[in-house]
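Note on naming: letters A, B, ... go to the chains in the order of the sequence lines (proteins, then strands), and numbering restarts at 1 for each one.
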Amino acid sequence: EPEVTQTPSHQVTQMGQEVILRCVPISNHLYFYWYRQILGQKVEFLVSFYNNEISEKSEIFDDQFSVERPDGSNFTLKIRSTKLEDSAMYFCASSDRVAHTEAFFGQGTRLTVV
Amino acid sequence: AQTVTQSQPEMSVQEAETVTLSCTYDTSENNYYLFWYKQPPSRQMILVIRQEAYKQQNATENRFSVNFQKAAKSFSLKISDSQLGDTAMYFCAFISTQGGSEKLVFGKGTKLTVNP
């Protein structure tokens, strides 16, 4: 069964450092998303991406965040200068249509900022 | 703005029994989708079941079924014959099919424990 793959599973970084979280969406999917879940809280939307550009972003997704699809298979989330409050579980998701009724989530990357 | 409310932070059920998790939502739109996601201790998000708002028939997936009450904006999940592997966080989620929004809006979750 096709699946969304995220690496690394756990990333520890120092405050102020840049991190890149990686995702390999399902191969025939065209819509990509990042969500985050701060420990014990609900899952929050960060950004959606289609046709090589951001289609929607939340207020959380400020200038410190960026997304990229560098090679047609990977989908990355970069945080330029991490803050303690960026510590969270980050989920990548992909779907093959708008309103992602068939969204599939990756297993998540746990980011810990120290 | 759409909101999703799960009023039960935690629930428990005995193995083999039935449990119902509650979810209400708020939207002014007529066309949308509703989902239940399961998040086991591994923290992966797994789609359990989905419901399309224009379909009156309640969705069913094996032991999982929903009670979708559109007028009341209620979307509860019933788990029959509960199994130990059903122990997880359960999130109710909403997505609009209008206005171009593509984001899932999640509730805060219900932690379900199935006891042996």
* Rounded distance [0.5 Å steps], CZ in B:Arg43 versus CD in A:Gln107 -> 12.5 Å
* Rounded to the nearest 0.5 Å, how far does CD of B:Gln44 lie from CD of A:Gln6? -> 9.0 Å
Is [X] linked to [Y] within one hydrophobic cluster, defined over Ile, Leu, Val, Met, Phe, Trp and Tyr using a side-chain heavy-atom separation of less than 4.5 Å?
| X | Y | result |
| --- | --- | --- |
| A:Ile60 | B:Val105 | no |
| B:Met11 | B:Val48 | yes |
| A:Trp34 | A:Tyr50 | no |
| A:Val113 | A:Phe65 | yes |

* **Engaged part of A:Gln37 at the chain B interface, taking heavy atoms whose separation is under 4.5 Å** => both
* Asked: Does atom NZ of B:Lys111 have more than 12 heavy-atom neighbours, drawn from other residues, nucleotides or ligands, at distances under 6.0 Å?
  -> no
* Taking it one step at a time, do A:Phe105 and B:Tyr37 satisfy ring-ring contact (aromatic ring centres under 6.0 Å, His included)? -> CA-CA 10 Å; A:Phe105 281 78; B:Tyr37 280 90; 5.2 Å; yes
* To do: Mark yes or no for whether A:Tyr35, through its side chain, and B:Leu104, through its backbone, hold a donor-acceptor pair below 3.5 Å.
  => yes
* Segment of B:Gln39 engaging chain A (4.5 angstrom heavy-atom cut-off) -> side chain
